Engineer: 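Encoded as structure tokens, here's the structure I'll be asking about.
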2 protein chains.
Amino acid sequence: MTLRDKLAAVNLKATHQRLTILAAIEECHTHPSPEKIHKIIKPGNPTISLATVYNTLETFARVGLINKVASLSGNLRYDPNLQAHGHIYCYNTDEIIDYYDEELNKVIIDFFKKKKVNNLKIKNITLNINGDKLDKTKDVIIK
Amino acid sequence: MTLRDKLAAVNLKATHQRLTILAAIEECHTHPSPEKIHKIIKPGNPTISLATVYNTLETFARVGLINKVASLSGNLRYDPNLQAHGHIYCYNTDEIIDYYDEELNKVIIDFFKKKKVNNLKIKNITLNINGDKLDKTKDVIIK
DNA sequence: GTGTTTGCAAAAGCTTTGCAAAGTT
DNA sequence: AACTTTGCAAAGCTTTTGCAAACAC
């Protein structure tokens, strides 16, 4: 599915800005803040404005193309990955890294099969792992 | 352990403001923003300033008396409960509610016993459950 | 062509800082 | 008395808004 198709599927016009922002957030796997996304795309797209990055990300989240992410960083963060997965937050690099593990998903689903959550319509369940990267130049790997 | 003792244990002087703020955050189980804490304590403590609430919460977090909490709300949130537990975030009330379950803790610990996390010094693992409260006047209950 | 989207600049909201006055031990 | 902490106001961030110009379909 192309980026154009994704926008069409949610009835958003395929503007250059939207295509650029969607591409950037899908490519960068640390869920950067709007400010950082703007810095990433600005060189190749000098007229794109920071307000448009903010507004566009919020639009994408509103129509369900991406999700808002809970963050310890104090600014807004978004995630283009819509399937169930966890997040690793690194205090010392401010990165939010996806953590997908089929077994973890199963463990969580199994747990909530046994529990009753009253008075809440659950939208999403995420495991957050917070810590410090030991070597900032390398990736965090869970296996 | 009294609030004074808790402050003494981390070498913070027991000022009226710190005692008030610590009491407020321990009493209120929805992890309110600094702004909301200020509103809560202001009537009984008219001279307490919002900046002091911000600074004091940050000081508490720095010395480990409370934790910062990942949040979808876009502002700072703190948690005085230092033991392992999860959080329920309600989009429609902006509340962050503690969710303690011994079995859940065990399930998560067991899971990570089997996994190796490379290049990360884990500080904390939290399960986040996000959704909408069905009846805003009542509590969310998991059993 | 019509209605939507963008850029810009300004406003609004949230958090931190600097410093004199007040408080703690 | 020595040192720390607070209140206030200002500064510094982050995010949203209003509106004319530009764009997608």
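From a predicted model like this one, the values you see are computed outputs, not experimental measurements. All values below come from the heavy atoms of this structure, side chains included, with hydrogens, waters and symmetry mates left out. Letters A, B, ... mirror the listed sequences (proteins, then strands); counts begin at 1.
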Engineer: N/O contacts under 3.5 Å, protein versus nucleotides 23-25 of chain D?
Structural biologist:
unit_1: D:dC25; atom_1: OP1; unit_2: A:Ala14; atom_2: N; d: 3.1

Engineer: If only side-chain N and O atoms of B:Tyr54 are considered, is one of them under 4.0 Å from the OP1 or OP2 phosphate oxygen of C:dT16?
Structural biologist: no
Engineer: Tell me if a side-chain donor or acceptor on B:Asp79 pairs with a main-chain N or O of B:Lys68 at a distance below 3.5 Å.
Structural biologist: no
Engineer: Please list, one pair per line, the donor and acceptor atoms closer than 3.5 Å that link side chains of residues 8-15 of chain B to other protein atoms, with sequence neighbours excluded.
Structural biologist:
unit_1: B:Thr15; atom_1: OG1; unit_2: B:Arg18; atom_2: N; d: 3.2

Engineer: Please identify each residue that fulfils side chain to side chain contact (heavy atoms under 4.5 Å, CB included) with B:Lys106, with sequence neighbours left out.
Structural biologist: B:Asp110
Engineer: Through direct or indirect side-chain contacts below 4.5 angstrom among Ile, Leu, Val, Met, Phe, Trp and Tyr, which residues connect to B:Ile96?
Structural biologist: B:Val69, B:Leu72, B:Tyr89, B:Tyr91
Engineer: Just report the end-to-end axis angle for the helix from C:dG1-D:dC25 to C:dT25-D:dA1, five pairs per end, to 10 degrees.
Structural biologist: 50°
Engineer: Where do N or O atoms of nucleotides 7-9 of chain D meet protein N or O atoms at under 3.5 Å, pair by pair?
Structural biologist:
unit_1: D:dG7; atom_1: OP1; unit_2: B:Gln17; atom_2: NE2; d: 3.0
unit_1: D:dG7; atom_1: OP1; unit_2: B:Thr47; atom_2: O; d: 2.9
unit_1: D:dG7; atom_1: OP2; unit_2: B:Ser49; atom_2: N; d: 3.1
unit_1: D:dG7; atom_1: OP2; unit_2: B:Thr52; atom_2: OG1; d: 2.5
unit_1: D:dG7; atom_1: O5'; unit_2: B:Thr47; atom_2: O; d: 3.3

Engineer: Carefully, step by step, assess A:Glu26 and A:Lys6 under the rule side-chain contact (heavy atoms from CB on, under 4.5 Å).
Structural biologist: CA-CA 12 Å; A:Glu26 290 199 350; A:Lys6 287 190 184 179; 2.7 Å; yes
Engineer: Could you state the CZ-P distance from A:Phe60 to C:dT4, rounded to the nearest angstrom?
Structural biologist: 17 Å
Engineer: How many whole angstroms separate atom CG of B:Leu7 from atom P of D:dT5?
Structural biologist: 10 Å
Engineer: Rounded to whole Å, please give me the gap between CG in A:Asn75 and C1' in C:dT16.
Structural biologist: 15 Å
Engineer: Only counting residues at least two apart or in another chain, list the ones meeting side chain to side chain contact (heavy atoms under 4.5 Å, CB included) with A:Asp5.
Structural biologist: A:Met1, A:Thr2
Engineer: Could I get the full list of ring pair (Phe, Tyr, Trp, His ring centres under 6.0 Å) partners for B:Phe111, not counting sequence neighbours?
Structural biologist: none
Engineer: Does anything in residues 16-52 of chain B pair up under ring pair (Phe, Tyr, Trp, His ring centres under 6.0 Å), and if so which pairs, sequence neighbours excluded?
Structural biologist: B:His31-B:His87
Engineer: Which donor-acceptor pairs under 3.5 Å do side chains of residues 48-55 of chain A form with protein atoms, sequence neighbours excluded?
Structural biologist:
unit_1: A:Ser49; atom_1: OG; unit_2: A:Ala51; atom_2: N; d: 3.3
unit_1: A:Ser49; atom_1: OG; unit_2: A:Thr52; atom_2: N; d: 3.2
unit_1: A:Ser49; atom_1: OG; unit_2: A:Thr52; atom_2: OG1; d: 3.3
unit_1: A:Asn55; atom_1: ND2; unit_2: A:Ala51; atom_2: O; d: 3.2

Engineer: In whole angstroms, how far is the C1' atom of D:dC13 from the CG atom of A:Leu76?
Structural biologist: 13 Å
Engineer: Could A:Arg77 and A:Asp94 be called an ion pair, given the rule that one side-chain N must be under 4.0 Å from one carboxylate O?
Structural biologist: yes
Engineer: Round to the nearest Å and state the distance from A:Glu58 atom CD to C:dT5 atom C1'.
Structural biologist: 16 Å
Engineer: Can you name the ring pair (Phe, Tyr, Trp, His ring centres under 6.0 Å) partners of B:Phe60, sequence neighbours left out?
Structural biologist: none
Engineer: Which parts of residues 23-36 of chain B get close to DNA chain C, meaning a heavy atom less than 4.0 angstrom away?
Structural biologist: none
Engineer: Atom CG of B:Asn45 to atom P of C:dG23: distance rounded to whole Å?
Structural biologist: 14 Å
Engineer: Could you check if a side-chain atom of B:Leu65 sits within less than 4.5 angstrom of a side-chain atom of B:Leu22, using non-hydrogen atoms only?
Structural biologist: yes
Engineer: For residues B:Glu35 and B:Ser33, is any side-chain donor paired with an opposing acceptor at under 3.5 Å?
Structural biologist: no
Engineer: Grab the two heavy atoms, one from A:Pro43 and one from A:Lys39, that are nearest each other, plus how far apart they are.
Structural biologist: CD-O, 3.1 Å
Engineer: Can you check the A:Leu57 CG to C:dT6 C1' distance for me, whole Å?
Structural biologist: 14 Å
Engineer: Once you round it to whole Å, what is the distance between P of C:dG13 and NE2 of B:His38?
Structural biologist: 17 Å
